[in-house]
Amino acid sequence: MASLDSTPQAVPDLPGAAGTAAKQIPPAAVARLTLYLRALNTLLAEGVERVSSESLAEASGVSSATLRKDLSHVGSYGTRGVGYEVQYLSRHIAAALGLTHDWKVAIVGAGNLGKALARYGGFESRGFDVVAIFDADQMVVGNEVGWLRVSDVADLETVLHRTGANMVVLALPASVAQDICDRVVAAGVRSVLSFAPIMLQVPEGVNLRKVDMATELQILAYHAQRAQAPGQTA
């Protein structure tokens with residue numbers, strides 16, 4: 001099973017990278033690059049043109065050494081005593097993360113979670129276009145969610161092909177998640193994000209990420225318990 005949690009990410013050749021072949025970014029660094037990009041985009045919105053490694057690291061919640069090491073995976077664009085050009089670095093991190101591509105997202109499951117995801121305005125600003133939402137409930141099919149109309153999951157393959165969706169989010173019960181995932185993969189989609197409370201199986205070449213909110217809450221509970229215990233810190 002391929003997973004973005006365990007597979008280093010290939011970085012395309014970038015201007016200024018001395019023409020080197022695509023590099024592999026460690027998964028933990030990929031996650032932190034998204035934090036740097038968010039901080040850089042905030043700075044862009046504020047009209048900031050340059051930022052020091054210390055300031056960018058602080059805004060991202062990491063150390064300066066970690067930030068510099070992570071940025072070495074996409075090429076170092078900082079100048080000693082001057083810092084990083086915000087727009088330039090933002091553009092290169094976005095390219096390394098694949099965000100300069102046309103990502104079209106389909107959501108399967110129009111329950112509370114699926115509807116909330118479909119209405120989330122942050123996707124478009126980060127390069128993701130939600131193009132379809134599906135459900136099996138005929139009382140839900142045809143309803144509008146944001147600007148989308150809920151499609152029948154029976155038409156999954158047809159709508160995926162028509163919209164050109166290349167990422168799918170599964171907001172489904174465990175009982176149907178594997179079957180729908182199999183159909184999504186058979187339709188040619190190679191990037192799947194699952195909120196289903198089950199470990200899905202996908203073939204090699206398919207990138208699967210699983211979001212388990214119950215597990216995340218359990219981790220929070222552990223840290224909260226440690227914080228409340230005498231002499232313990234989270």
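Worth saying up front: this structure is predicted, and the values here are computed from it rather than measured.
Contact annotation: the side chain of S194 approaches that of L208 to within less than 4.5 Å [non-hydrogen atoms, C-beta and beyond]. Annotation: side chain of S191 is not in contact with side chain of V168 (no heavy-atom distance under 4.5 Å). In this structure, the side chains of D179 and V176 stay at 4.5 Å or more apart for every pair of heavy atoms. Residues M167 and L193 fail the side-chain proximity criterion, which asks for heavy atoms closer than 4.5 Å. Within the 4.5 Å cutoff, side-chain heavy atoms of W103 are placed close to those of N166. The shortest side-chain heavy-atom distance between L89 and L56 falls under the 4.5 Å cut-off. Counting heavy atoms from C-beta outward, N207 and V192 have side chains that stay 4.5 Å or more apart. Side-chain contact between V189 and V206 is absent, with no heavy-atom pair separated by less than 4.5 Å.
For V86 against L40, the heavy-atom pair with the smallest separation is CG1-O, 3.5 Å. In terms of heavy-atom proximity, D135 sits nearest to V141 at O-CG2, 3.4 Å. In terms of heavy-atom proximity, R190 sits nearest to G205 at CD-O, 3.5 Å. Across all their heavy atoms, A196 and A177 have their closest contact at CB-CB, 3.5 Å. Minimum heavy-atom separation, G114 to I133: O-CD1, 3.9 Å. Closest approach of A29 and H73 over heavy atoms only: CB-CD2, 4.1 Å.
Note that CZ of R119 and CH2 of W147 are 14.0 Å apart. Values are rounded to the nearest 0.5 Å. How far CD1 of I107 is from OG of S151: 12.0 Å, rounded to the nearest 0.5 Å. Between the CD atom of E58 and the OG atom of S52 there is a distance of 9.0 Å, given to the nearest 0.5 Å. The structure places CD of Q178 at 9.5 Å from CG of L170, a figure rounded to the nearest 0.5 Å. In this structure, CD in E144 is found 4.5 Å from CZ in R149, a value given to the nearest 0.5 Å. Distance check: L148 CG to N143 CG gives 12.5 Å after rounding to the nearest 0.5 Å.
By the criterion of side-chain heavy atoms lying less than 4.5 angstrom apart, applied directly or through intervening Ile, Leu, Val, Met, Phe, Trp or Tyr residues, V145 is not grouped with M139; the two fall into different hydrophobic clusters. With hydrophobic clusters built from ILVMFWY side chains whose heavy atoms lie under 4.5 angstrom apart, L217 does not share a cluster with I219. Hydrophobic clustering keeps M213 apart from Y222 (ILVMFWY residues linked when any side-chain heavy atoms are closer than 4.5 Å, directly or through intermediates). Cluster annotation: V105 and V211 are assigned to the same hydrophobic cluster (Ile/Leu/Val/Met/Phe/Trp/Tyr, side-chain heavy-atom contacts under 4.5 Å, transitive). V159 and V108 fall within a single hydrophobic cluster, where Ile, Leu, Val, Met, Phe, Trp and Tyr are joined by side-chain heavy atoms under 4.5 Å apart, directly or via other members.
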N41 vs S90, side chain to side chain donor-acceptor pair (under 3.5 Å): CA-CA, chis, key distance, verdict: CA-CA 7 Å; N41 287 340; S90 173; 3.1 Å; yes

Intermediate values then yes/no, side chain to side chain contact (heavy atoms under 4.5 Å, CB included), I93 and Y36: CA-CA 8 Å; I93 292 177; Y36 308 150; 4.0 Å; yes

Candidate pair R32 and D70, rule side chain to side chain contact (heavy atoms under 4.5 Å, CB included), full reasoning: CA-CA 8 Å; R32 290 191 294 268; D70 290 341; 2.6 Å; yes

Test log, rule side chain to side chain contact (heavy atoms under 4.5 Å, CB included), inputs V185 and D182: CA-CA 5 Å; V185 171; D182 291 344; 5.9 Å; no

Derivation and outcome, side chain to side chain contact (heavy atoms under 4.5 Å, CB included), residues F195 and L117: CA-CA 11 Å; F195 286 88; L117 292 170; 3.8 Å; yes

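The local environment of CD in E157 is crowded, with over 12 non-hydrogen atoms from other residues, nucleotides or ligands closer than 6.0 Å. Within a 6.0 Å sphere centred on CZ of R183, other residues, nucleotides and ligands contribute more than 12 heavy atoms. In N112, the CG atom is not crowded: 12 or fewer heavy atoms of neighbouring residues, nucleotides or ligands sit closer than 6.0 Å. With a 6.0 Å radius and a threshold of 12 heavy atoms from other residues, nucleotides or ligands, Q87 has its CD atom at or below the threshold.
Using a 4.0 Å cut-off between charged side-chain N and carboxylate O, K104 and D129 make no salt bridge.
Taking the six-membered ring where the residue is Trp, H92 and Y88 present tilted rings, their angle falling between 30° and 60°.
Of the possible polar contacts, one joining the T34 side chain to the A31 backbone as a donor-acceptor pair under 3.5 Å is found. Proximity of a side-chain donor or acceptor of D212 to a complementary backbone N or O of T215 within less than 3.5 Å is detected.
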